[in-house]
Amino acid sequence: MLRAGTALTCLACRKLVTTSPGVRVPLQTLNPLSRAIHHRGSPGTSLHRAPPRSAVRHFNSLSRPPLRPARPLPRGPGFQPRRSFWVARLATRLLRLRYLLLGSAVGGGYTAKKTFDQWKDMVPDLSEYKWIIPDFIWELDEHIDFEKIISALPDAEELAKLLPDFEKIGENFSFLKGLVSKESSGESTFRTTGNQGFDSNDKQYKKVSDKEKADQLQEELLRTQMKYQRMLERLEKENKELRKVVLQKDDKGIHQRKVKKSLIDMYSEVLDVLSDYDSNYNTQDHLPRVVVVGDQSAGKTSVLEMIAQARIFPRGSGEMMTRAPVKVTLSEGPHHVAMFKDSTREFDLSKEEDLAALRHEIEIRMRKSVKEGQTVSPETISLSVKGPGIQRMVLVDLPGVISTVTSGMAADTKETIFSISKAYMQNPNAIILCIQDGSVDAERSIVTDLVSQMDPQGKRTIFVLTKVDLAEKNLASPSRIQQIVEGKLFPMKALGYFAVVTGKGSSSESIDSIKDYEEDFFQNSRLLKTGMLKAHQVTTKNLSLAVSDCFWKMVRESVEQQADAFKASRFNLETEWKNNYPRLRELDRNELFEKAKNEILDEVISLSQVTPKHWEAILQKKLWERVSTHVIENIYLPAAQTVNSGTFNTTVDIKLKQWTDKQLPHKALEVAWETLQEEFARFMSEYKGKDQDDIFDKLKEAVKDESIKRHKWNERAEDSLRVIQHNALEDRSITDKPQWDAAIQFMEETLQSRLNDTESVIKDMVGPDWKQRWLYWQNRTPEQHVRSETRNELERLLKVNEDHTAYLANDEVTTVRKNLEARGVEVDPILIKDTWHQLYRRHFLHKALSHCNLCRRGFYYYQRHFEDSELECNDVVLFWRIQRMLGITANTLRQQLTNTEVRRLEKNVKEVLEDLGENNEKKVQLITGRRVQLAEDLKKVREIQEKLEAFIEALHQEK
């Protein structure tokens, strides 16, 4: 019974260890508990007597201690021997099995737990790297129904249909193997492989011609490839839709986190800054970009559009459309949109009207960039295109290379295109995408020679053969296409060779239709069927993937070297600034312009602080200087020739009315505007102090001139001013003696000033007098001598008749001429009249001043209207009217200046400053100097270095 129990225990232990049939598990692999059981009762263990044991014995939970000899029970009277309960003892032995099983389970569980803890300790803690995975990955299950996606996937039967026919593939490989053995041994034997589980004795293959079998194999491989290609495209499309959903939700701020710039956008910003940077320290731009070059109409633009997945460029039949380099930054995004670097407008590339507007805008920008008399321009147009599934890279589409200059082109167009292309290709890190038209003879290509000159080893060139459909149709020998894509026809070398089809040549074709046409063509093309083209060398999809991989490889290899070069350039610039301008801030041109702008606006505001008294004094003085000649010559002198006061007043009133209607208001506004200009200029010049920067002088002068040029006085101001002036001149009532005295003083000052001017004119006419001739050795000219004799003769005439009129009669002119001829002086009558005019003016002014002194005490007679008095002071009243009109006009102009015109001038200044702020060329002209250029270079180099460092950090994180 014990042996049976032990056997059962061993059987339970064996179930704990799973072994293969016929394989005996070593005893050492079992748990010590199970090993003990195995030794005691295993059927395969020979039974033998236990070796003699020492006095010290070891026991465990499964070993039984030795039975002690039973004590003999006392046998008394009536003793009966004990019954043997063998059934109970057997049950007891069997029940001990539960302890064996329980011990084995506990021991095995403990050992498994210990092993699991050891493995867990060896696994690294990945919780610290959880930040690498974006947040939206952890939340995909919240926003995407994976069960729905799984249900949409094809089932096993559909997937089986997509898989290749392995039976036929096995036949084809057997045929190839037999074909090879036939060539080597001369035997024609076809054997099948046994990898697919087919028995070669059960199947017999029919003998067919080698050509038919090779064609069958090629078609099968091509069909298999197309199946995989379609399945890959379907998966890519689904992936694109999923990414689009995720990006759209991320755009809407579902995750409430800041969206960082993409890697390609950061790199494109660096290139944009570099394109505007003119280095003086030989720090050249050697950052990678994909340069698309090719002959004119070779299909450069079409290839670029296929990579960008949109018809974004203007198209023309045979004419030059790309007139300037176009930098296109391709990146992935939720929507298919395009945007210019200097604009905020987004063009939706899924809408035809936006596509047409984008093409029109590109064409306009190209034509604007071309200078007059030129055909192409080196100025770069920067454009970014985003969309789902677009490969990230930066491409530059260059004008097509031409061999002949046609009519309408500039004479240097060919050389200009070559220089632009070389400037981009000479960058040692630029990837050259060489586009060759496959539909024309290869010998007509110009671009291949140019590319081979710039990259002789072909380490950064990718060759693309376009229009392969036309090439296959037109070429008599398709092997030329094979020679081209294998790099054997052209002397140039390249990293890779590709053949693409970019549509049927119609500008109305969509990208999807072009893709379908390209896929159908290569699927049925004999170039692929005959093995002339490899599958990885065809379609623009494979081309874009290869170009993107090459681009990023070049970026990773060269970007840190460029960052070090700009770091060295920054150190040189900072050292020069510290040595030359140690106490000045590093302000670039824009910052200097803002500083000058604030100073100019402060100066304009200072005009409002001018006192009204100062404005009126300046205006009155300048207005009288402007109109005094007209008042004396055309009003006062003619009126003074009248015989009585009535005629005098009538003449004065008529002439004042004519003057007010025609000239006076306009003259007053001119004076006010000139006064405003002078005050503005005075404040700008007086603002200069120890903190004034002379670098702003040209800018301030330009702002002042342009503001004054734009300023226009209020048109209605002249009409209102005319009414005010007319009313002021009609008033003749002098109310008090101070006004009378002020009018007399004004009249005396005016007449005395005129008398001094007249004396000066006469002195210049007659030359130095006898005193100056004797003391200072000065001589008269012949003309001055004639005028001096004429003056003496005319003065004698005035002494005879002091009340002579202002004009000489003809007989008087004849008399004076004859008297002079008698003294041997030949004189012209016109000279006599000119001399008389100045002499009579002086005579009249002397008389007017004498009369003015007499009128000082005439206010009493004026109040009585000069009744019973021979004194007439109407000229004093005239000057009072003029003086009062000047005061009222000055007050009116001052109000208009302070209330309206100063504000309008300030507005004009702001507009001029805003226009100059947007015109970089003007700022360069007006703010110049080595200090400005050095600050500009420092700013650019720092910006480039910072952007490069940020890009490198992001690039390392992406790795």
Side-chain angles (χ1 to χ4, degrees), residues 134 257-291 325-333 338-344 379-386 390-396 423-424 427-431 548 550-577 585-591 594 920 932-959:
R257 64 182 180 88
K258 185 178 179 181
V259 180
K260 297 182 180 179
K261 291 183 179 179
S262 65
L263 200 62
I264 191 64
D265 289 337
M266 297 172 65
Y267 186 75
S268 180
E269 287 182 0
V270 176
L271 296 182
D272 289 336
V273 176
L274 280 173
S275 64
D276 300 331
Y277 175 59
D278 182 17
S279 174
N280 295 324
Y281 287 83
N282 298 322
T283 307
Q284 299 178 358
D285 175 16
H286 287 167
L287 289 175
R289 69 263 284 163
V290 181
V291 180
V326 182
K327 181 176 77 68
V328 184
T329 303
L330 301 178
S331 59
E332 192 175 20
M339 181 187 297
F340 290 98
K341 179 187 74 171
D342 55 352
S343 175
T344 57
E379 297 182 11
T380 304
I381 299 173
S382 184
L383 177 70
S384 63
V385 177
K386 297 182 179 181
I390 295 180
Q391 298 297 321
R392 303 177 303 169
M393 67 185 90
V394 177
L395 303 100
V396 182
Y424 277 91
N427 179 0
N429 297 320
I431 301 169
S548 179
C550 186
F551 169 76
W552 285 107
K553 180 181 178 182
M554 191 72 75
V555 167
R556 291 185 173 92
E557 292 176 353
S558 61
V559 67
E560 293 188 1
Q561 182 180 359
Q562 286 291 295
D564 294 338
F566 279 101
K567 187 180 296 184
S569 177
R570 174 179 177 177
F571 175 78
N572 296 337
L573 292 171
E574 289 177 344
T575 303
E576 182 179 355
W577 182 274
R585 291 172 56 199
E586 299 171 2
L587 301 179
D588 60 11
R589 185 172 281 108
N590 291 331
E591 292 171 336
E594 291 299 323
N920 291 326
V932 182
Q933 190 60 44
L934 188 59
E936 285 282 308
D937 291 343
L938 262 173
K939 177 184 176 183
K940 289 289 184 183
V941 170
R942 284 172 179 163
E943 183 180 5
I944 293 170
Q945 183 188 355
E946 291 172 359
K947 289 184 178 295
L948 275 175
E949 290 176 352
F951 171 74
I952 292 171
E953 182 180 357
L955 189 65
H956 289 166
Q957 291 179 358
E958 188 181 67
K959 287 182 181 180

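Counting non-hydrogen atoms of other residues, nucleotides and ligands closer than 6.0 Å to CD of E591 gives a total above 12.
Judged as a ring pair (Phe, Tyr, Trp, His ring centres under 6.0 Å), and not counting sequence neighbours, W552 has no contacts. When the side chain to side chain contact (heavy atoms under 4.5 Å, CB included) test is applied to N590, the partners found at least two apart in sequence or on another chain are D588, K923, K939. Residues satisfying the side chain to side chain contact (heavy atoms under 4.5 Å, CB included) test with T344, not counting sequence neighbours, are none. Applying the side chain to side chain donor-acceptor pair (under 3.5 Å) test to Q945 and every residue at least two apart in sequence or in another chain returns R570, E949. For F551, the ring pair (Phe, Tyr, Trp, His ring centres under 6.0 Å) partners two or more places apart in sequence, or in a different chain, are Y267. Evaluation of the side chain to side chain donor-acceptor pair (under 3.5 Å) rule for S384 yields no partner, not counting sequence neighbours.
In terms of heavy atoms, M339 sits closest to L383 at O-CD1, 3.5 Å. When every heavy atom of L934 is checked against every heavy atom of L573, the shortest pair comes out as CD1-CD2, 3.6 Å. A pairwise comparison of heavy atoms in P325 and V396 identifies CB-CG1, 4.1 Å as the closest pair. Minimum heavy-atom separation, V291 to A430: CG2-CB, 4.0 Å.
Annotation: the span from M554 atom CE to I431 atom CD1 amounts to 5.0 Å, rounded to 0.5 Å. Between atom CD of residue E943 and atom CG of residue L948 there is a gap of 10.5 Å, rounded to the nearest 0.5 Å. In this structure, L938 CG and L587 CG are separated by 11.5 Å, a value rounded to the nearest 0.5 Å. Separating the CZ atom in F566 from the NZ atom in K940 is a distance of 11.5 Å, to the nearest 0.5 Å.
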- Message: Quick one, V932 with R589, criterion side chain to side chain contact (heavy atoms under 4.5 Å, CB included). Give me CA distance, side-chain angles, the key distance, then yes/no.
- Response: CA-CA 6 Å; V932 182; R589 185 172 281 108; 3.6 Å; yes
- So S268 and K327, side chain to side chain contact (heavy atoms under 4.5 Å, CB included) or not? Walk me through it. CA-CA 9 Å; S268 180; K327 181 176 77 68; 2.9 Å; yes
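L287 is listed as a side-chain neighbour of L271, based on a closest heavy-atom distance under 4.5 Å.
The existence of a salt bridge linking E560 and K567 is excluded, since no basic side-chain nitrogen approaches an acidic carboxylate oxygen closer than 4.0 Å.
Without hydrogens or angle criteria, N429 side chain to H286 main chain gives a donor-acceptor distance under 3.5 Å.
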